[in-house]
J.: 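I'd like to ask some things about the structure below.
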Amino acid sequence: NITILIRGNKSYNLNGGDHAICRQVAFFGQQRFADFFAWAANPLISEYKGKRVVAGRVCSLWYLLSTTQTRISLCAEGNAPVELNVTLPKNNSGGG
């Protein structure tokens, strides 16, 4: 299980499992670990949408503000991510 987010010249890989880690893979230079969910704490690029319940846990819902059709939301309980949702645009080119 792996989740990949590419923004600008940075790629973030999140490996799943019981001890998930996030690693920022720079296209140039050294690789380093990064906070995959830091965008939710930045009011310039995120919007708070209120509370919701996921698997019985009450969490805060955040949306990443984006100019693309990809929609990313994060529901977090304090500093612990509960649910990450990435919605990709439908491919209308007929290729898949």
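Given the structure is predicted, the values throughout are model-derived calculations rather than measurements.
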J.: Using modelled atom types only, decide if a donor and an acceptor are shared between the side chain of Arg52 and the backbone of Lys49 within a distance under 3.5 Å.
T.: no
J.: Looking only at heavy atoms, which two atoms of Ile72 and Trp39 are closest? And how far apart?
T.: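 Looking at all heavy atoms of both residues, the shortest contact is CG2-CZ2, 3.8 Å.
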J.: Name all residues meeting the ring pair (Phe, Tyr, Trp, His ring centres under 6.0 Å) criterion together with Tyr63; count only those two or more places apart in sequence or in a different chain, and write none if there are none.
T.: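 Checked Tyr63 against ring pair (Phe, Tyr, Trp, His ring centres under 6.0 Å); zero matches.
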J.: Which atom pairs, one a donor and one an acceptor, fall under 3.5 Å between side chains of residues 75-89 and the rest of the protein, sequence neighbours left out?
T.:
unit_1	atom_1	unit_2	atom_2	d
Glu77	OE1	Arg57	NE	2.8
Glu77	OE1	Arg57	NH2	2.6
Asn85	OD1	Thr87	OG1	3.0

J.: Can you see which heavy atom on Ala41 is nearest to which on Pro43, and at what distance?
T.: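 Heavy-atom minimum between the residues: O-CD, 3.4 Å.
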J.: Looking at CG of Leu61 and OG of Ser73, how far apart are the two atoms once the value is rounded to the nearest 0.5 Å?
T.: 5.5 Å
J.: Once you round to the nearest 0.5 Å, how far does CG of Leu74 lie from CH2 of Trp62?
T.: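 Reported to 0.5 Å precision, the distance equals 9.5 Å.
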J.: Who are the side-chain contact (heavy atoms from CB on, under 4.5 Å) partners of Val58, not counting sequence neighbours?
T.: Lys51, Val53
J.: Taking only residues two or more places apart in sequence, or in another chain, which ones meet Thr67 in a side chain to side chain donor-acceptor pair (under 3.5 Å)?
T.: none
